[in-house]
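This report refers to the structure that appears directly beneath it.
What you see is a predicted model, and the numbers here were worked out from it, not measured in a lab. Just so we're on the same page: letters track the sequence lines, and every chain starts at 1.
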Amino acid sequence: MSFATVDDVLSGKTAVGEQVTVRGWVRTRRDSKAGISFINVHDGSCFDPVQVVVPNELDNYESEVLRLTTGASVAVTGVVAESAGKGQSFEIQAEKVHVYGFVDDPDTYPMSPKPHSMEYLREFAHLRARTNVTGAVMRVRNCLSQALHRFFHERGYLWVATPIITASDAEGAGELFRVSTLDMMNLPRTEQGDVDFSKDFFGKEAFLTVSGQLNVETYACALSKVYTFGPTFRAENSNTSRHLAEFWMVEPEVAFADLNDIAYLAEDMLKYAINAVLEERADDMAFFQQRIDKGVLDRLNHVVSNKFVHMDYTDAVEILQNCDQQFNYPVSWGTDLQSEHERYLAEVHVGAPVVLKNYPKDIKAFYMRQNDDGKTVAAMDILAPGIGEIIGGSAREERLERLDSRIVEMGLNADDYSWYRDLRRYGTVPHAGFGLGFERLVTYVTGMTNIRDVIPFPRAPKSAEF
RNA sequence: UCCCCAGUAGCUCAGUUGGUUAGAGCGGUGGACUGUUAAUCCAUGUGUCGUAGGUUCGAAUCCUACCUGGGGAGCCA
């Protein structure tokens, strides 16, 4: 007798005739008057539950097995057998069913065996992992996460843990969450009446990071190829299906690289991760294809087998101005593209992810490398159909005079960037990097429509339960 | 934060020219049948109609505010 996962049994890792114990939760129970019950047990190891055939000779058949309902926890010991029924190749002929816990009041158990809306499941974030859809999402999420680490590891990148807490409010990528231990009911004040942050934990104002980029640049300018993969926080009041207040971001940063280098790095990375999912999570993807998004497999297969289309911002503007599509917002060179414009490019014009490059400098961040034309910077966004911006990156301005001139032009204070400027003073090198919104990738790969359903416990405005 | 839509049974929804006892399917429960598997068949219970005000003889239905959710926009990843 040995413990086995549901996946061990269904994939044939355990031998027919071998006695095993499988532990998990009941998905459904069906009783047959032939003297047996069928119990589907899932344990998270794969998409499908294993069918357990329970004969009525078991001591606790009447007293316990017939009382099992969806959600009950069990350990089943029995012999692996080829299934006589359709729907599965292997099953377990139970010799013993141990019940860890029944479900109180099955009538109100929130995860009843019926279709639920994603909005409803979100209200039960502590139980929705037991549903097939959330289980599938989390296995794919894990697969993507592991694949990304593997991708970078195989190419000699170092995973750098950039800080979660930052004392710099100059990252410029959005609203920040304050980190403080001050007594909010009794704030210390300066003589001018301002809050006296010198009394705070860090002796100054502190926040949760909105990006690891500035910090990870310092390690790129020493270890050459690095990346961060961790949580980031944005206090934006964004109420959409593609924004979270707490989300995970992958940010590679590469010394001696230019814009095209990281554009191709991003393409290779996405293809690598998607291929991993197609190979390792075919069971979950079959479910997404069938129940969530009929086009998801075609879409992913197209992505991994075609080169990404690259396009300059300037050319994109021309395409948008000359296309037949009517837009609510006009397109003109120098302004940021609207959602409808990005969607047209990715969904209609290209029909696949598109790499947009070389944006006007005035609509991009101060640290992006200025191009020789004097008008644009070496920035790139990768737009995915249905999602929008999934990756944003750039070559970084490594020339101190150019960086300083942008800091001045944008009304920023050079003193706030002293350590960032040091990188340009001491052995500066060209370098480039990008940020991938990890949950946006999970959304794209699974075909799920709301980003709140691809992270275990979503945090969003007015929403931080569990 | 802005625009639009929604909130009725455990869940998904129907129900308004304002009218008396608010319905269905699914789920649950009991039974029948069955190597079953989104099982099928019979029976069965369930409601502060999102919250608070207002109009009215009378409000699930009309009005106002608020809350929550969804779609879109902005911000961005």
Quantified in whole Å, what is the [atom1] atom distance between nucleotide [N] and nucleotide [M]?
N     : M     : atom1 : result
B:A65 : B:A6  : P     : 16 Å
B:U34 : B:A39 : C1'   : 9 Å
B:A52 : B:A9  : P     : 16 Å
B:G54 : B:A73 : C1'   : 33 Å
B:G28 : B:G35 : C1'   : 25 Å
B:U46 : B:G25 : C1'   : 15 Å
B:C11 : B:G47 : C1'   : 14 Å
B:C41 : B:G18 : P     : 40 Å

Under 4.0 angstrom, heavy atoms only, what part of the nucleic acid is [X] near: base, sugar-phosphate, or nothing?
X        : result
A:Phe38  : base
A:Glu246 : nothing
A:Gln51  : base
A:Thr28  : nothing
A:His243 : base
A:Gln290 : nothing
A:Tyr329 : sugar-phosphate

Once you round it to whole Å, what is the distance between [atom2] of [N] and [atom1] of [X]?
X        : N     : atom1 : atom2 : answer
A:Asn239 : B:C67 : CG    : P     : 12 Å
A:Ile39  : B:G35 : CD1   : C1'   : 14 Å
A:Leu383 : B:C76 : CG    : C1'   : 12 Å
A:Asp381 : B:C76 : CG    : P     : 10 Å
A:Met249 : B:A77 : CE    : P     : 7 Å
A:Glu123 : B:U12 : CD    : P     : 8 Å
A:Arg343 : B:A73 : CZ    : P     : 6 Å
A:Met368 : B:C76 : CE    : C1'   : 11 Å

If you check every side-chain atom of [X], which of [options] has the closest atom?
X        : options             : result
A:Asp336 : B:G72, B:C76, B:G35 : B:C76
A:Ser83  : B:U36, B:A73, B:A77 : B:U36
A:Ser463 : B:C76, B:U12, B:G69 : B:G69
A:Arg122 : B:A77, B:U1, B:G69  : B:G69
A:Glu236 : B:C75, B:A73, B:G74 : B:C75
A:Ser238 : B:U1, B:C11, B:C75  : B:C75

Determine which nucleotide pairs with [N], using a 3.5 Å limit on both distances of a Watson-Crick or G-U wobble pair.
N     : result
B:C76 : none
B:G7  : B:C67
B:U61 : none
B:U44 : B:G28

- Message: Between A:Trp248 and A:Gln93, which residue's closest nucleotide on RNA chain B lies nearer the 5′ terminus?
- Response: A:Gln93
- Message: Can you work out whether A:Leu244 or A:Asn450 has the more 5'-proximal nearest nucleotide on RNA chain B?
- Response: A:Asn450
Between the side chain of [X] and the main-chain N/O of [Y], is any donor-acceptor distance below 3.5 Å?
X        : Y        : answer
A:Lys225 : A:Phe152 : no
A:Glu340 : A:Asn328 : yes
A:Thr134 : A:Arg128 : yes
A:Asp284 : A:Arg281 : no
A:Thr240 : A:Arg242 : yes
A:Thr443 : A:Met448 : no

Looking at [X] and [Y], does any basic side-chain N land under 4.0 Å from a carboxylate oxygen?
X        : Y        : value
A:Lys364 : A:Asp381 : yes
A:Arg141 : A:Glu439 : yes
A:Glu175 : A:Arg234 : no

- Message: Quick check, does A:Tyr109 stack with B:G10? I mean ring centres under 5.5 Å and planes off by under 30°.
- Response: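 Check failed, A:Tyr109 does not stack on base of B:G10.
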- How does protein contact run along nucleotides 47-52 of chain B, one letter per nucleotide 5' to 3', with B for base contact, S for sugar-phosphate only, - for none, heavy atoms under 4.0 Å? ------
- Message: Walk along nucleotides 27-34 of chain B from 5' to 3' and tag each nucleotide B, S or - by protein heavy-atom contact under 4.0 Å, base first, then sugar-phosphate.
- Response: BSS----B
- Item | Residue-phosphate contact under 4.0 Å: A:Gln338 side-chain N/O, B:G74 OP1/OP2 |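 Result: yes.
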- Query: Would you say B:A77 has OP1 or OP2 under 4.0 Å from some side-chain N or O of A:Thr232?
  - Reply: no
- Message: Is it the case that B:G35 (base atoms only) and A:Glu91 (side chain only) share a donor and an acceptor within less than 3.5 Å, ignoring hydrogens and angles?
- Response: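 Indeed there is one.
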Tell me whether the rings of [X] and [Y] are parallel (<30°), tilted (30 to 60°) or perpendicular (>60°).
X        : Y        : value
A:Tyr344 : A:Phe327 : perpendicular
A:Tyr157 : A:Tyr227 : perpendicular
A:Tyr420 : A:Tyr417 : perpendicular

Taking distance alone, no hydrogens or angles, what donor-acceptor pairs closer than 3.5 Å link side-chain atoms of residues 40-47 of chain A to residues at least two apart or in another chain?
residue: A:Asp43; atom: OD1; partner: A:Ser45; partner atom: N; Å: 3.0
residue: A:Asp43; atom: OD1; partner: A:Ser45; partner atom: OG; Å: 2.6
residue: A:Asp43; atom: OD2; partner: A:Val6; partner atom: N; Å: 2.9
residue: A:Ser45; atom: OG; partner: A:Val6; partner atom: N; Å: 3.4
residue: A:Ser45; atom: OG; partner: A:Asp7; partner atom: N; Å: 2.9

